[in-house]
Amino acid sequence: MFINRKFALLITENITMKYHFNEIEKKWQDYWAKNQTFKATNPSSFGGGQEEAPKYYVLDMFPYPSGAGLHVGHPLGYIASDIYARYKRHKGFNVLHPQGYDSFGLPAEQYAIQTGQHPAITTEENIKTYRRQLDQIGFSFDWSREVRTSDPSYYKWTQWIFIQLFNSWYNKDADKAEDITELIKRFSSEGNTNVNAACDDNVTIFSAEEWNGFSSEKQQEILLQYRLTYLAETEVNWCPALGTVLANDEIVNGVSERGGHPVIRKKMTQWSMRISAYAKRLLQGLETIDWPEPLKEIQRNWIGKSVGASVTFNVIPNVTLSAVEGSHKIDVFTTRPDTIFGVSFMTLAPEHELVLQITTPEQRAEVEAYIEATAKRSERDRMADVKTISGAFTGAYAEHPFSKEPIPIWIGDYVLAGYGTGAVMSVPCGDQRDYDFAQHFNIPIPNIFEGVDISEEAFADKENTIIANSDFLNGLSYKKAVKRAIYELEKLGQGQGKTNYRLRDAVFSRQRYWGEPFPVYYVNGMPQMIDAKHLPITLPEVEKYLPTETGEPPLGNAKKWHWLQYGDEANVVSKEEFENSSPLERLGGALELNTMPGWAGSSQYFNRYMDPQNDDEIFSQEAINYWQQVDLYIGGSEHATGHLLYSRFWQKFMFDLGLVPYDEFAKKLINQGMILGTSAFVFKARPFIKIEDRFYGLKEFLNIYFSIDVLNGEEFVENVNGTNLILKWLDEKWPIALEGQESHLFDEEVILALQIRHPNKYDLLNKIKNKVYFKLYQEIRVPVEFVDSSDCLNIDGLVDWSNTQYINARFVGNQDGTFKVKRDVEKMSKSKYNVVNPDNICEQYGADSLRMYEMFLGPLEQYKPWNTAGITGVHNFLKKLWKLYHQSENGSFYVTSSPPSEGLGEALKTLHKTIKKVEEDIENFSFNTSVSTFMIAVNELTAQKCTSKAILEPLLVLISPYAPHIAEELWSQLGHNESISTASFPKFDESHLVESTKNYPISFNGKMRFTMELSLDLSKEDIEEAVLANEKTKEQLQGREPKKVIVVPGKIVNIVG
RNA sequence: GCUGAAGUGGUGGAAUUGGUAGACACGUUGGACUUAAAAUCCAAUGGGCAUUAGCCCGUGCGGGUUCAAGUCCCGCCUUCAGUACCA
């Protein structure tokens, strides 16, 4: 303790002299929090003649607060968006830059199942960690607007939107969602014949009279087929042992990834979202938004638009079947109606509903066996196995719409029940799958392409297609033939042009506890929405977070989970309480047991930030009309088909409802690349002994680890240190009596070779002295914190850290005593020991260094490896920056307000060059190059010994978005009382960059040889003359006459000759 | 297979409309300061030949356009990512 006083004294003396980043950063983070520096103003607060500032909305994809906390890869996007947000504030914008948590999710629930701890508690703890970590990096978030998806005051509105979706249907004529009451009106006045809606495939036609005659339940059932969210039987992957539904990627080889339990396909009643209604608009909308092309492409593929025709084939009635059973139609969708004359068979999915009806008695056994065999195969199996061709003939035939020829109908599992109509017209000459199928089953392959050989494979090239052997389509190109075929089909009443989308409706139910409850109760099996005024319906307490014994979702464990309502009075009660209540004027019933999926809460949060505390509306119209939409959204591309597609869907829905002014929620989106870890490896080696040119391995061997430059890819390596280790070890372990004892050390052959001839220990050790070799056995990862900037391993640190693995280990390194590891770039993860924690970086180098270094690593969108060693570069830069403002003799703050007349020109040039470049860089999201620019500027100003306030003050504003803490500190030392975030961005002045001369590169045949300083006033001719007169030019030409001289004034001179 | 992105020193990367390739850093080597270490500062650093000037080769590979190509065009190779029996 006695040194501390002296030490403390030293610090106080130096506080203004040295760059004490820890103190500075703490100070300003506290200041920002206390003064609410980054609070965004809503229009309602402008008032009092305050002018309405232009708005800018910068948003990060909000995090799931995991227990592991943040690693250095996570904040990359947040830093970029923070720089942009701070920049926009300097540019005079009212910036909305909020943050929150996507706090419902599986890990918390899994943890709850294991420990019994309520997910809300662990989530709260995790959020605290996240908040602390985010705060220490110095983000300019407006925390007063924080939202959490698991907060009832937030998920109230998630439930509210669900109700709106339930109360809506999609009118294809108006091409928008409309209130369900409109649909009910039309049903009761005209039935559903003329209703053009996005609905289930199997709706039955009814008249107004029929509708009005239906029971209430029947009417509700029909309406479910039209609602934008609906209950439907869906096939799911059910794992009985785990009691839950699994996603496709949770199943490996037909069994659950966790535990290896069998998985069956099961039909379950689930909520679904009719996102398919929006397929067309989701696709078209992509044209209007500035999102990365690869991301748009992923969404386009996911939506999967294909243009073609639907064709109806009549099944030829089979004499053995009755007339009713015999008349069937098969609808197919094809993108190639031009190839209709190439059809030589049809293929139905084995699950197709017509299969059993049309199968002839003779084929029945074979077809049923095939159906059974396919049902056993998981979807994943079927997808993975593309090579095996299988199928069965139904015995039935369809009639070709034009040629009236009979076409055999097959079933095959290469046709998917879930896509199109689950049936295809097979054109083997034009589709490789059809071709393979036809070949396998000896079905004819008629050629309908002019001048094309199809003896080897199908011909699928649309561009070069000329149709032949096709009646009225002969000689036509693909495009013309398609049009003509559709025209003829329509004339026949057996088809029409059609656009198909791959996009499926999204299942919205999860058998989980930790998610939003549905605002739904059931009466006679029919779902009823709870009135919005009773929201939120909060998650009930349960004793266990597992499914019930009867296989119900975890909410089935809740003691109180019935809705009971009389008039405005409503409560969640127990089953008994409900059953004992008076049925008179009672509303209610059992509440929904499923919860909503992870993407429910994240599909509208960006709008809620605009007015997050509003308890009466999801957001006020005033707020949404002011903030409008996200101007810049930054996040990972892994959300391309999840969050980003569903959010666009909900936003379009809310647009249809007139709630939001734009039907796209984010104008511009940037995908930040991932920061990868640099793993470190040591080489575990196995010793061998070489006897008569053969290598014999030691059966049991030491924990020996080699440095990369000792053991690098070589087959067998000799090493003195290693050999000594082995000999010493053998010496210690060698039993006094040899016979039979050493067998655990060597392979048997070695024993045979040695035993007889060398019964004496020392004799043997001597004998093998020069014959010990090492071979790489395993590359083992070591924690990167024990590796320094030169890839040298801190062996003591590693041994101290490990409990067992390295306790008795030997490390064989270089002669100079260092031990180098192998480095490899991999995804950052705990199991790879390559995670770098931002806490340590902030402590050691400061948040400003972390922020700058993350940007300095490379372009934002790019994947790039993290290497802590490099951070000293930006850290040194910040120290130099600090020094630039502390140039007095004793190192204290020194800035002159009256600049020396001499030298200011150079400094102004440096400043304005920097302003220009940094502004361009930020606008282009090229943050890495800005950091270099700052380095150059500070290097130049330091060399110029610049102390002028006129230069150093604006420079701080430029740097402040990147390194806000140091900028605030120096700003206050300059005498400012307000945060630097209120300062306006310096104005670029071209006049300071005007040059009178240019150092021209002089090239010969395109190769630069030397440079020449020439006035920029010179004409082309003057330049040419000056260059040709130069001694060096003559030297280069060596007497040759230049054929041509290219002069680009201000750029370059090139001499050809 | 299809779709998309990218290949530049030992490493991360720069070169914005074709005009001095390798900015800015890391690392490495040498030097200064120090009893020493750290910190700091200075110098060198694409490869090769010469070691003084200088010369040759160099942006995945092979061609082409051009006075001039990392950048534009054609053909390939490799890596990464997404996706997959989509009719």
Side-chain angles (χ1 to χ4, degrees), chain A residues 292-298 300-302 304-306 308 332-336 339 347 349 382-389 412-416 418-427 430-434 436-437 460 500-503 637-638 640-641 673-674 678 788-791 823 825 852-853 856-859 861-877 879-880 883 917 920-921 924 926 928-936 939 999-1011 1035 1042-1048 1050-1057:
Chain A
E293 200 47 49
L295 193 148
K296 287 192 191 179
E297 200 58 31
I298 292 172
R300 280 192 202 106
N301 291 338
W302 195 259
K305 179 182 176 178
S306 41
V332 299
F333 173 75
T334 177
T335 54
R336 299 292 305 270
T339 63
T347 317
R382 270 171 73 173
M383 286 196 297
D385 180 16
V386 197
K387 299 243 159 61
T388 321
I389 296 161
D413 67 4
Y414 79 97
V415 178
L416 303 178
Y419 185 73
T421 60
V424 299
M425 57 175 231
S426 303
V427 183
D431 182 289
Q432 195 56 42
R433 283 158 306 163
D434 294 345
D436 295 340
F437 194 88
N500 217 20
Y501 293 93
R502 191 174 78 106
L503 185 68
S637 58
E638 66 271 22
T641 53
M674 199 185 288
T678 314
D788 73 6
S789 55
S790 315
D791 294 345
R823 307 225 72 166
V825 172
M852 284 218 136
Y853 188 50
F856 187 64
L857 283 177
E861 302 90 333
Q862 206 164 294
Y863 279 54
K864 52 217 169 237
W866 176 273
N867 191 354
T868 305
I871 201 171
T872 53
V874 290
H875 189 64
N876 281 341
F877 157 74
K879 283 194 213 163
K880 275 190 218 162
K883 267 193 195 161
K917 176 86 171 114
E920 281 168 4
D921 283 346
N924 292 320
S926 171
N928 55 324
T929 48
S930 292
V931 180
S932 307
T933 306
F934 293 137
M935 289 174 172
I936 294 167
N939 286 346
N999 197 21
Y1000 277 94
I1002 312 300
S1003 350
F1004 292 80
N1005 299 318
K1007 288 199 167 69
M1008 205 280 288
R1009 290 303 173 201
F1010 60 91
T1011 58
E1035 222 172 89
K1043 286 191 189 113
K1044 203 171 173 186
V1045 179
I1046 310 279
V1047 178
V1048 184
K1051 284 243 158 122
I1052 199 168
V1053 176
N1054 190 18
I1055 297 163
V1056 187

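So you know, we letter chains A, B, ... as the sequences are listed, proteins then strands, and number each from 1.
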OP1 or OP2 of B/U83 sitting under 4.0 Å from any side-chain N/O of A/R300? no

Taking Watson-Crick (N1-N3 plus N6-O4 or O6-N4) and G-U wobble (N1-O2, O6-N3), each under 3.5 Å, can you produce the dot-bracket string of RNA chain B? Use [ ] for crossing pairs and | for inter-strand ones. (((((((..(((......[....)))((((((.......))))))((((....))))..(((((..]....))))))))))))....

Specify the closest pair of heavy atoms between A/F333 and A/T421, including all atoms of both residues, with the distance to one decimal. N-OG1, 4.1 Å

Looking only at atom C1', what distance separates B/C33 and B/A21, rounded to whole Å? 37 Å

Indicate yes or no for a side-chain donor-acceptor contact from A/N924 to the backbone of A/E920 under 3.5 Å, with no hydrogens or angles considered. yes

A correct 5'-to-3' footprint of nucleotides 52-70 of chain B, with B, S and - meaning base, sugar-phosphate only and no protein heavy atom under 4.0 Å, is ---SS----------BS--

Are any protein N/O atoms closer than 3.5 Å to N/O atoms in nucleotides 38-48 of chain B? If there are, list each pair with its distance.
| residue | atom | partner | partner atom | Å |
| --- | --- | --- | --- | --- |
| B/U40 | OP1 | A/N876 | OD1 | 2.8 |
| B/U40 | OP1 | A/K879 | NZ | 3.3 |

Atom-pair distance (CD on A/E861; P on B/A5), nearest Å: 13 Å

Mapping A/E297 and A/G870 onto RNA chain B by nearest heavy atom, which one lands closer to the 5' end? A/E297

Heavy-atom closest pair, residues A/V1056 and A/N1005: CA-OD1, 3.5 Å

At their closest point, which heavy atom of A/G873 faces which heavy atom of A/M935, and how far apart are they? O-CE, 4.1 Å

Between protein and nucleic acid, restricted to nucleotides 27-32 of chain B and to nitrogen or oxygen atoms under 3.5 Å apart, what atom pairs and distances do you find?
| residue | atom | partner | partner atom | Å |
| --- | --- | --- | --- | --- |
| B/U28 | OP1 | A/S790 | OG | 2.5 |

I'd like the C1' distance from B/A81 over to B/G62, given in whole Å. 27 Å

Euclidean distance for C1', B/G12 against B/G46 (whole angstrom): 16 Å

Out of B/C85, B/A87, B/G4, whichever nucleotide has its closest atom nearest the side chain of A/T334: B/A87

Indicate the atoms forming the closest heavy-atom contact of A/T678 with A/P865, along with that distance. OG1-CB, 4.1 Å

For A/Y1000 and B/U20, what is the distance between atoms OH and P respectively, to the nearest whole Å? 13 Å

Can you list the residues that meet the side-chain contact (heavy atoms from CB on, under 4.5 Å) rule with A/F1010, with sequence neighbours excluded? A/I1002, A/F1004, A/M1012, A/N1030, A/K1032, A/T1033, A/Q1036

Assign A/N939 to base, sugar-phosphate, or nothing according to its heavy-atom contacts below 4.0 angstrom with the strands shown. sugar-phosphate

A/F877: which residues meet the ring-ring contact (aromatic ring centres under 6.0 Å, His included) condition with it, sequence neighbours left out? none

Can you tell me if the side-chain N/O atoms of A/S306 get under 4.0 Å from OP1 or OP2 in B/A87? yes

How far, in whole Å, is B/G4 from B/C41 if one measures between their C1' atoms? 48 Å

Specify the separation, in whole Å, of atom CG of A/L295 and atom C1' of B/A81. 12 Å

Please figure out whether A/V874 or A/D434 has its closest RNA chain B nucleotide nearer the 5' end. A/V874

Give me the distance, rounded to whole Å, that separates B/G22 from B/G10 when you measure between the C1' atoms they each carry. 14 Å

Chi-angle category of B/G47 [syn within 90° of 0, anti beyond]: anti

When rounded to the nearest Å, what value does the distance between C1' atoms of B/G82 and B/G75 take? 26 Å

Could you give the distance from CH2 (A/W866) to CD1 (A/I871), rounded to the nearest 0.5 Å? 5.0 Å

Nucleotide B/A87, atom P - distance to CZ of A/F333 in whole Å: 7 Å

I'd like to check the salt bridge (charged side-chain N to carboxylate O under 4.0 Å, His left out) partners of A/K917; sequence neighbours left out, ordered by chain and number. A/D921

List the residues meeting salt bridge (charged side-chain N to carboxylate O under 4.0 Å, His left out) with A/E638, not counting sequence neighbours, and say none if there are none. none

Looking only at heavy atoms, which two atoms of A/S306 and A/Y419 are closest? And how far apart? OG-OH, 3.1 Å

Separation of A/I936 atom CD1 from B/A23 atom P, in whole Å? 10 Å

CE of A/M1008 versus C1' of B/U20: gap in Å, rounded? 4 Å

Determine the Euclidean distance between corresponding P atoms of B/G9 and B/A5; express it in Å to zero decimal places. 23 Å

How does protein contact run along nucleotides 11-18 of chain B, one letter per nucleotide 5' to 3', with B for base contact, S for sugar-phosphate only, - for none, heavy atoms under 4.0 Å? -BSS-B--

Could you tell me which residues satisfy ring-ring contact (aromatic ring centres under 6.0 Å, His included) with A/F934, sequence neighbours excluded, listed by chain and number? A/Y962

Looking only at heavy atoms, which two atoms of A/S1003 and A/I1052 are closest? And how far apart? OG-CD1, 3.6 Å

Starting at NZ of A/K879, measure out to OG1 of A/T872 and round the result to the nearest 0.5 Å. 9.0 Å

Atom pair OG1/CZ of A/T929 and A/F856 - distance to nearest 0.5 Å: 10.5 Å

With sequence neighbours left out, the residues meeting side-chain hydrogen bond (donor to acceptor under 3.5 Å, both in side chains) with A/T339 are none

Would you tell me if any nitrogen or oxygen in the side chain of A/Y419 comes within less than 4.0 Å of OP1 or OP2 on B/A87? yes

What residues, two or more places apart in sequence or in another chain, satisfy side-chain hydrogen bond (donor to acceptor under 3.5 Å, both in side chains) together with A/T334? none

Can you check the distance between B/U17 and B/C26, where both ends of the measurement are the P atom (answer in whole Å)? 29 Å

A/N301 CG to A/T641 OG1 distance, which is reported to the nearest 0.5 Å: 10.5 Å

